[in-house]
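The next block holds one structure in the form of structure tokens; read it before the comments.
First listed ligand is number 1; within each ligand, the first listed atom is number 1. The figures that follow rest on heavy atoms only: side chains count, while hydrogens, waters and symmetry mates do not. The shown structure was predicted, so the numbers you read here are calculated from the model rather than taken from an experiment.
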Amino acid sequence: QRRGAEFVMFSVPSYACQRRTSLDNRNAVLTDALSLLADNAELSGDEGRGVAFRRAAAVLKALPKPVTDTTQLRGLPCLGEHSLRVIKDILEDGASDEVESTRRSERYKALKVLTGVFGVGVKTADRWIREGIRDLQRLRDSGPALNRAQQAGLQHYDDLNQPVTRAEADAIAEIVERAVASVLPGAQTTLTGGFRRGKLTGHDVDFLITHPEEGREEGLVPKVVSWLESEGVLLYQKTARNSYLEGRDGPGRPSSSMDRFETCFSIFKLPREEKRGAGQTHGAACGPEAGHKPWRAVRVDLVVSPVSQFAFALLGWTGSKLFERELRRWARHEKAMSLSSHALYDNKQRRYLRAASEEEIFAHLGLEFIPPSERNA
Ligand code: DCP
Ligand code: MG
């Protein structure tokens, strides 16, 4: 045997929602490479290929040890020919030509920068590139018509592309809780998204809000927004009303992963740590530099759910994105059920399955419960 006692064969179940994926990724070099190819496929409008690379990366994230030889991967699910070739190149040569040339390509770099502007999707970025707009300077100068979100995104580009820390997320949670408590006493605010999975940084901060009495949560978002605006907290906000109707949006529109809660997608103006007086600052990174503004912009998503849908909303907004996608795929293909952030519908029994906790939803789906910190697929 080539690797003697060190040689390990791996085995994992095929759906990401059937396995535990902690943040302790032993194969980061390989998964970073596959994630870059996934990014590139998605930026090229090839969602199918993007998902294939994401599933392959997720399988490697679930392995307990670093992969040292491709023969260890025999029998593992979701590793297609293309992904295996990339893995092999990296294990044998230290790098993959395809990954490195993609990383360096002008088109990839331009798409990354432009879609890094809040409010700019792949289609818009692609159109701008065809019009000769490949960087932020050109975007600012040659000024195509920008909508309100894109204007805010461009204005706060540097802040919004700097990872949000856990301390910043906690500071924002305090502000959101104060706002919610003052406009609807008894309402409950829960931190969701990556921070609920234990991540130390994120691209935004996600919150789910509910009230124990069904119906009391209606119209909460506009009130919270007014409170935040009066306190000067908001740099940008776009709210949407709840448009979910059981029956119409449940089983009938199963593939629609956009949910229909009352939401507010916003940008907060967060005072910097030294201004918040939250303990000591560490080193130059936090120190106020000359001309440095005393606050930073942070993306914050607020979602309001009726308490009867809370467990589904919590499961749906905790992520990871691939974990969510895999839960819905499992439900549909293995259980003939439709799962959304609002409800679970059993297509054979032709009825909704109620749940008051995430644990009950996993049980309905015939899955072992996976806690948030193990949903980092
Ligand atoms: N989500 C969803 N529907 C949307 C937006 C998000 O179901 N329209 C879910 C999937 C995500 C979770 O909510 O896992 C949070 O979305 P984010 O994009 O904020 O993802 P994360 O919080 O996991 O990542 P990050 O740490 O980068 O913020
Ligand atoms: Mg998030």
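- Ion pair E168/R296 flagged as a salt bridge, since at least one NZ, NE, NH1 or NH2 atom sits closer than 4.0 Å to an Asp/Glu carboxylate oxygen.
- Using cut-offs of 30° and 60° for the angle between ring planes, the Y15 and W330 rings count as perpendicular.
- Of all N, O or S atoms in D206, the one lying closest to the Mg ion (ligand 2) is OD2.
- Using a cut-off of 4.0 Å between Lys/Arg side-chain N and Asp/Glu carboxylate O, R107 and D126 are scored as salt-bridged.
- Taking CG of N161 as the start and CZ of R299 as the end, the distance is 11.5 Å to the nearest 0.5 Å.
- Those atoms of ligand 1 with a heavy atom of G319 less than 4.0 angstrom away are 14 (O).
- D159 and K269 are not joined by a salt bridge, as no carboxylate oxygen comes within less than 4.0 angstrom of a charged side-chain nitrogen.
- The pair E100-R103 meets the salt-bridge criterion, since a charged nitrogen lies less than 4.0 angstrom from a carboxylate oxygen.
- Taking 4.0 Å as the cut-off between side-chain N and carboxylate O, R85 and D89 do not count as a salt-bridged pair.
- Using a 4.0 Å cut-off to heavy atoms of K199, the atoms of ligand 1 that qualify are 25 (P), 26 (O), 27 (O).
- Between E324 and ligand 1, no pair of N/O atoms sits closer than 3.5 Å.
- Where the criterion is an N or O separation shorter than 3.5 Å, residue side chain and backbone included, T318 fails it with respect to ligand 1.
- Looking at R329 and E334, no side-chain N of the basic residue comes within less than 4.0 Å of a carboxylate O on the acidic one, giving no salt bridge.
- Atoms of ligand 1 found under 4.0 Å from any heavy atom of S320, numbered from 1 in the order shown, are 14 (O).
- Interface atoms of ligand 1 facing R197, defined by a heavy-atom separation under 4.0 Å, are 23 (O).
- Residue G202 has no nitrogen or oxygen atom sitting less than 3.5 Å from a nitrogen or oxygen atom of ligand 1, judged on distance alone.
- When the N, O or S atoms of D204 are ranked by distance to the Mg ion (ligand 2), OD1 comes first.
- Counting atoms of ligand 1 from 1 in the listed order, those under 4.0 Å from a heavy atom of D206 are 15 (C), 19 (O), 22 (O).
- The shortest N/O to N/O separation between G193 and ligand 1 does not fall below 3.5 Å.
- Below 4.0 Å from some heavy atom of G316 lie the following atoms of ligand 1, by number and element: 7 (O), 9 (C), 10 (C), 13 (O).
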